[in-house]
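Positions are given from 1, in the same order as the sequence printed here. Just so it is clear, the model here is predicted, and its values are computed rather than measured.
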Amino acid sequence: MTFAAGGVYLDWNATAPLAAAARAALHACLDDERLGNPSSLHAAGRRARTLLEEARRTLAECLESSPEEIVFTSGGTEANALFLRGAAARLEPGLIAVSAVEHSSVYETARLLAAHGWRLVEIPVDAEGRIDPFAFERILRERPAIVSVMLAHNETGVIQDVAALARAAREAGALVHCDAVQAAGKMPLSRRGLGVHALTLSGHKFGAPPGIGALVLAREVALEPLITGGGQESGRRSGTENVPGAMAMAAALADSLEARESWYARLRSLQQRLEAGLAAQGAVIFGAGATRLPNTTFFALPGLEGAALASRLDRAGFAVGTGSACSSGEPGAPRSLLAMGVPEALARGVVRVSTGSSTTEADIDGFLAALAQAAGDLRRLAALCAD
């Protein structure tokens with residue numbers, strides 16, 4: 001994606017540009033003066049309710065689920081908290097196991113539960129960021145009540161074998177949660193296919209506007225709501241529903257899944273082009289030995305700070321990330337890389353390039369040239385400072 005000012009956007013994992021299908025759905029709702037509150041009984045309310053349930057059915061079809069399982073939320077962070085805290089509230093405090101590379105919205109929620117009587121254990125990963133199966137088996141012997149494993153990592157793009165992990169966890173008696181925020185729109189998704197009790201998604205990651213997400217929840221799982229009041233979403237999440245956001249999210253997900261096959265191979269080709277160029281510059285690519293999303297590359301140039309590189313690249317017209325957008329302002333190395341055994345000095349140099357449907361070969365080639373220039377400038381500056 002090219003900015004109007006001439007820059008190139010390479011931070012799709014942080015947020016994707018608003019998709020045309022989502023924009024059309026959003027505008028149709030916002031321009032409809034006949035829409036009321038979906039909880040109202042009058043005609044305007046009934047019309048809003050009809051659109052909301054249409055969005056719920058579309059999402060359910062995309063996720064091979066049923067409409068009753070879709071709970072609309074404000075985004076992935078709320079959806080993660082709704083399941084983890086909501087499920088924990090209906091259980092006796094026990095063991096909660098989360099992977100060592102989980103998103104902060106899962107990790108910090110698990111830490112919160114640990115401060116209220118639960119015992120938290122992190123599931124170790126190998127050097128590529130994959131769950132260690134032997135360590136996971138040992139943890140399951142302790143009979144965790146809740147297990148949470150991300151499907152596709154937001155920083156490295158590494159994909160976990162959630163179906164196999166969930167099968168083992170369910171056999172051990174655990175409720176299984178999957179943060180599928182980064183996977184949604186990039187790979188087929190099915191709660192039943194993965195064998196999990198719940199999965200979460202966030203609309204702005206695949207072309208919907210910010211402020212809309214969903215929890216896909218098995219009907220047999222009871223939750224204590226985080227937000228109480230009017231009892232919307234079948235009592236699971238009170239508050240007037242975001243009808244325009246729901247319609248836009250449903251349109252964006254349906255559109256992205258329909259177009260996935262056409263752009264998947266192209267993004268994989270761009271990833272290979274990018275990573276060949278990075279290797280030529282001496283970059284270390286994290287998770288390169290694992291199955292990854294085709295749009296995500298997490299790398300470091302030894303001896304250079306990732307924040308300094310990202311800043312110079314931004315001035316050169318290339319928008320990149322330095323890790324999860326939810327933790328990019330935090331000091332230190334990404335927790336995910338430390339869990340993978342990456343030395344802290346190297347981990348502090350990370351840059352994330354994430355591409356999307358409009359990214360071109362010219363964007364990648366321009367980025368590689370700008371990176372070489374930025375790295376050279378920083379090394380010359382460091383040499384001058386050392387003299």
Side-chain angles (χ1 to χ4, degrees), residues 1-18 153-157 182 186 205 207 263 265-288 292-334 336-337 342 345-386:
M1 171 180 136
T2 302
F3 293 130
V8 175
Y9 188 70
L10 297 173
D11 200 18
W12 289 64
N13 282 14
T15 197
L18 190 63
H153 199 267
N154 52 299
E155 293 172 331
T156 63
Q182 208 57 242
K186 302 184 181 83
K205 301 296 186 180
W263 56 255
R266 192 176 64 80
L267 289 187
R268 181 69 76 193
S269 176
L270 290 178
Q271 184 182 54
Q272 293 167 349
R273 187 184 190 94
L274 168 66
E275 294 183 359
L278 290 174
Q281 295 188 36
V284 177
I285 299 170
F286 302 107
R292 289 178 295 152
L293 294 173
N295 81 312
T296 306
T297 297
F298 205 37
F299 72 92
L301 291 173
L304 297 180
E305 289 285 328
L309 273 175
S311 178
R312 284 183 174 266
L313 287 165
D314 183 42
R315 292 198 293 273
F318 293 88
V320 299
T322 54
S324 169
C326 293
S327 60
S328 59
E330 297 176 3
S336 59
L337 293 187
V342 176
L346 180 61
R348 289 175 65 91
V350 290
V351 171
R352 182 185 65 186
V353 171
S354 49
T355 58
S357 57
S358 61
T359 309
T360 66
E361 288 186 355
D363 292 339
I364 298 301
D365 293 344
F367 166 78
L368 289 169
L371 178 67
Q373 180 67 52
D377 290 347
L378 288 172
R379 290 187 177 112
R380 284 188 290 272
L381 181 61
L384 287 173
C385 293

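Scored by the side chain to side chain donor-acceptor pair (under 3.5 Å) test, T156 finds no partners at all (sequence neighbours excluded). Looking at residues two or more places apart in sequence or on another chain, you find no salt bridge (charged side-chain N to carboxylate O under 4.0 Å, His left out) involving R268. Looking at residues two or more places apart in sequence or on another chain, you find a salt bridge (charged side-chain N to carboxylate O under 4.0 Å, His left out) between D365 and R273. Every residue was checked against the side chain to side chain donor-acceptor pair (under 3.5 Å) condition with S269, not counting sequence neighbours, and none meets it.
Between the NE2 atom in H153 and the CZ atom in R292 there is a gap of 13.0 Å [rounded to 0.5 Å]. Atom CG of D363 sits about 13.5 Å away from atom OH of Y9, to the nearest 0.5 Å.
Side-chain atoms of S311 and D314 form no donor-acceptor pair, as typed in the model, at a separation below 3.5 Å.
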Show your reasoning for whether side-chain contact (heavy atoms from CB on, under 4.5 Å) applies to W263 and L270. CA-CA 10 Å; W263 56 255; L270 290 178; over 6 Å; no
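Counting heavy atoms from C-beta on, the side chains of T355 and I364 come closer than 4.5 Å.
The backbone N or O of A16 lies less than 3.5 Å from no partner atom in the side chain of K205, so there is not a single donor-acceptor pair. Between the side chain of Q271 and the backbone N or O of L293, at least one donor-acceptor pair lies under 3.5 Å.
Residues P334 and V350 share a closest heavy-atom pair of CG-CG2, 3.6 Å. Considering every non-hydrogen atom in both T359 and W12, the closest pair reads OG1-NE1, 3.9 Å.
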Tell me which donor-acceptor pairs under 3.5 Å the side chains of residues 296-310 have, and how far apart each pair is, sequence neighbours excluded?
residue	atom	partner	partner atom	Å
T296	OG1	N13	ND2	3.0
T297	OG1	E275	OE2	2.7

List the atom pairs, donor and acceptor, that lie under 3.5 Å between side-chain atoms in residues 367-382 and the rest of the protein, sequence neighbours left out.
residue	atom	partner	partner atom	Å
Q373	NE2	D377	OD1	3.0
Q373	NE2	D377	OD2	3.4
D377	OD1	R380	NH2	2.5

